[in-house]
Amino acid sequence: MRSYRQLFSFMCDLGDGIQDHLPEEMRTEQLGLEEIVCLWVDNKSYLEIRSLKKDMAAYVKKCEEMDYSLDAIFPYDDFLLFVPERFGCDESVLFSQVLPMIEQREAETNRSLPTDVIKWFKSIYARPIP
């Protein structure tokens, strides 16, 4: 069974990006959905991105089958309540919109497992030796 760890991570970053935890009058620099997706993709590895896409696809598929058991994976009953309020749609619809954004950003930044491995090697060899 999937752990949906990356979906949880993305939802936390989405809530932070739109400043869901703050009262309406204290929200200052809210990010747009595309900005949040870009930041998330840019800060994650290829494998984490791939895992998020699989998590979202599985969530959408379960919702299409009217199986809402995945909502129980989130730690709080109200964890996803900001989605209909802020985006005007259910989570599965939002995820269907986010998936192409992720794939587009992935293509724009040329993300792949080999490029991530090369970046990792470069970061190791760029460190000064004590």
Side-chain angles (χ1 to χ4, degrees):
M1 178 161 158
R2 301 191 62 78
S3 69
Y4 296 91
R5 198 170 317 160
Q6 297 310 319
L7 182 59
F8 181 77
S9 168
F10 177 77
M11 293 306 293
C12 288
D13 287 353
L14 181 62
D16 289 346
I18 63 168
Q19 299 178 351
D20 181 59
H21 57 282
L22 295 175
E24 195 71 40
E25 62 276 358
M26 293 181 69
R27 296 177 186 177
T28 55
E29 296 178 27
Q30 291 180 317
L31 300 175
L33 184 58
E34 283 192 41
E35 291 173 296
I36 295 167
V37 169
C38 288
L39 286 171
W40 198 92
V41 169
D42 293 349
N43 291 318
K44 298 296 179 175
S45 72
Y46 172 77
L47 295 176
E48 290 169 318
I49 296 166
R50 185 172 174 208
S51 182
L52 175 64
K53 292 189 319 187
K54 287 185 175 209
D55 289 351
M56 285 185 171
Y59 189 96
V60 169
K61 183 178 178 187
K62 290 237 183 224
C63 286
E64 287 172 353
E65 296 170 351
M66 304 282 220
D67 177 0
Y68 300 103
S69 61
L70 288 182
D71 291 336
I73 66 168
F74 296 110
Y76 315 107
D77 291 339
D78 61 348
F79 183 71
L80 296 176
L81 289 180
F82 70 89
V83 172
E85 178 186 322
R86 292 284 171 208
F87 298 102
C89 60
D90 289 333
E91 295 83 7
S92 61
V93 174
L94 178 69
F95 296 157
S96 296
Q97 295 170 356
V98 168
L99 278 168
M101 290 180 196
I102 293 170
E103 290 169 354
Q104 179 183 354
R105 184 64 181 175
E106 217 177 349
E108 288 171 359
T109 57
N110 193 27
R111 297 303 293 269
S112 68
L113 187 57
T115 57
D116 275 8
V117 170
I118 290 169
K119 272 195 215 171
W120 178 73
F121 273 119
K122 285 181 179 180
S123 73
I124 287 176
Y125 290 114
R127 293 182 193 156
I129 299 173

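Side chains are part of it too, since the values below use all heavy atoms of this structure and drop only hydrogens, waters and symmetry mates.
- Counted within 6.0 Å of CD on Glu34, heavy atoms from surrounding residues, nucleotides or ligands total 12 or fewer; the atom is thus considered open.
- Considering all non-hydrogen atoms of both residues, Tyr59 and Ser92 come closest at CE2-N, 4.0 Å.
- Distance check: Ser123 OG to Ile118 CD1 gives 12.0 Å after rounding to the nearest 0.5 Å.
- The hydrophobic clustering, which links ILVMFWY residues whose side-chain heavy atoms are closer than 4.5 Å, places Met101 and Leu31 together.
- Listed for the Arg111 side chain is a donor-acceptor partner under 3.5 Å among the backbone atoms of Lys44.
- Rounding to the nearest 0.5 angstrom, the gap separating the CD atom in Gln97 from the CD1 atom in Ile102 is 12.0 Å.
- Put simply, CZ on Phe95 and SG on Cys63 are 8.5 Å apart, with the number rounded to the nearest 0.5 Å.
- Put simply, the side chain of Met11 reaches to within 4.5 Å of the side chain of Val83, judged on heavy atoms.
- Looking at Arg5 and Asp55, no side-chain N of the basic residue comes within less than 4.0 Å of a carboxylate O on the acidic one, giving no salt bridge.
- Taking all atoms of both residues into account, the shortest heavy-atom contact from Leu94 to Cys89 is N-SG, 3.8 Å.
- Taking CZ of Arg105 as the reference point, atom CD1 of Ile49 lies at 10.0 Å (rounded to 0.5 Å).
- Taking the side chain as every heavy atom from C-beta outward, Lys119 and Thr115 never approach each other to under 4.5 Å.
- Closest approach of Trp40 to Leu52, counting heavy atoms only: CZ3-CD2, 3.5 Å.
- The residues Lys62 and Glu65 are annotated as not salt-bridged, no charged nitrogen and carboxylate oxygen being separated by less than 4.0 angstrom.
- When all heavy atoms of Ile36 and Asp13 are compared, the closest pair comes out as CG2-O, 4.1 Å.
- Side-chain contact between Phe10 and Glu48 is absent, with no heavy-atom pair separated by less than 4.5 Å.
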ask   = What do the steps show when you test Ile18 against Leu33 for side chain to side chain contact (heavy atoms under 4.5 Å, CB included), and what is the final call?
value = CA-CA 8 Å; Ile18 63 168; Leu33 184 58; over 6 Å; no
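- Once rounded to the nearest 0.5 Å, the distance linking NZ of Lys53 with CD of Glu106 reads 3.5 Å.
- The heavy-atom pair separating Ala58 from Tyr4 by the smallest distance is CB-OH, 3.5 Å.
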